[in-house]
Amino acid sequence: MVFKPRQITLIAMLTALTVALSLLFIIPIPATKGFVTLCEVGIYTTAILLKNPGGLAVGALSGLLIDILSGYPEWCLFSLVIHGTQGFVVSYLTKRHNKPIAILQALLCGSLVMLVGYFLATSWLFGWTAGWASLIGNLVQNGFGIAVTIPLTASLYKARPQLFNS
């Protein structure tokens, strides 16, 4: 696949924006050495507007960079895979169906990927109890991400639809 310069630029800009948005608002969770951020907003918005490879790239790169810059290197590989898969799933599911109910279903599937992924990663690193405890923060993070993504995506697309059409 050959990337157009516009695609590369948008992916880079949206990755940087997602990282900045996430680092602006971090709630540490000492028990799991993790944190709650706003990264879902950037990943979901990109996945819906740019489709793949945008959702996959922004999810994977932003997840990796957020962990490196936040000082959580033990989570880097997990975040790369989990957030990349999350972006891919939302992109894939919204590619054919752009109706509001289909977008909401795609966002819920992306949230499920993140919840299961981090539950398994946290359980592997710190035990099952920590895995279950991490679900609360991840549910809040995804719920807020979905709540902000829907109006933000609609506003961005309405303002500049030509940016997001390949």
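- Considering every non-hydrogen atom in both A57 and I11, the closest pair reads CB-CG2, 3.8 Å.
- Linking ILVMFWY side-chain heavy atoms closer than 4.5 Å, directly or via other members, places I103 and L93 in two distinct hydrophobic clusters.
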Under 3.5 Å, which donor-acceptor pairs do the side chains of residues 142-149 form with other protein atoms, sequence neighbours left out?
| unit_1 | atom_1 | unit_2 | atom_2 | d |
| --- | --- | --- | --- | --- |
| N142 | OD1 | Y44 | OH | 2.6 |
| N142 | OD1 | S111 | OG | 3.0 |
| N142 | ND2 | N138 | O | 3.0 |
| T149 | OG1 | G145 | O | 2.5 |

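- Between L24 and L38 there is no side-chain heavy-atom pair separated by less than 4.5 Å.
- Heavy atoms of other residues, nucleotides or ligands lying less than 6.0 angstrom from CD1 of I136 number 12 at most.
- In terms of heavy atoms, L23 sits closest to S70 at CD2-OG, 3.3 Å.
- Between G42 and T18 the shortest heavy-atom distance is CA-OG1, 3.3 Å.
- Expressed to the nearest 0.5 Å, how far CE of M13 lies from OG1 of T46 amounts to 10.0 Å.
- Put simply, L156 and L21 are part of the same group of oily side chains (I, L, V, M, F, W, Y) that touch within less than 4.5 Å, one to the next.
- Under the rule for a side chain to side chain donor-acceptor pair (under 3.5 Å), the partners of S79 that lie at least two apart in sequence or sit in another chain are D67, Y118.
- Atom OG of S91 is separated from atom CG of L50 by 8.0 Å, given to the nearest 0.5 angstrom.
- Note: L107 CG to T45 OG1 = 8.5 Å, rounded to the nearest 0.5 Å.
- Apart from V116 itself, the hydrophobic cluster it occupies contains L112, L115, F119, L120, W128, W132, L135, L139, where clustering links Ile, Leu, Val, Met, Phe, Trp and Tyr at side-chain heavy-atom distances under 4.5 Å.
- Atom CG of L56 sits about 13.0 Å away from atom NE2 of H83, to the nearest 0.5 Å.
- The closest side-chain heavy-atom distance from I48 to V90 is below 4.5 Å.
- By the rule that hydrophobic residues join a cluster once side-chain heavy atoms approach within less than 4.5 Å of another member, V41 and L64 end up as members of separate clusters.
- Both F78 and F126 sit in one connected hydrophobic cluster of ILVMFWY residues. Membership requires side-chain heavy atoms under 4.5 Å apart, directly or through other members.
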Q: Walk me through it: do Y72 and W75 pass the test ring-ring contact (aromatic ring centres under 6.0 Å, His included)?
A: CA-CA 6 Å; Y72 293 94; W75 289 101; 8.2 Å; no
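- Using a 4.5 Å cut-off on side-chain heavy atoms (C-beta onward), I68 and C76 make contact.
- Note that CG of L10 is 9.5 Å distant from CG of L49, once rounded to the nearest 0.5 Å.
- The hydrophobic cluster containing I43 does not contain I82, counting ILVMFWY residues as joined when their side-chain heavy atoms lie under 4.5 angstrom apart, directly or transitively.
- Between the CE atom of M114 and the SG atom of C39 there is a distance of 6.0 Å, given to the nearest 0.5 Å.
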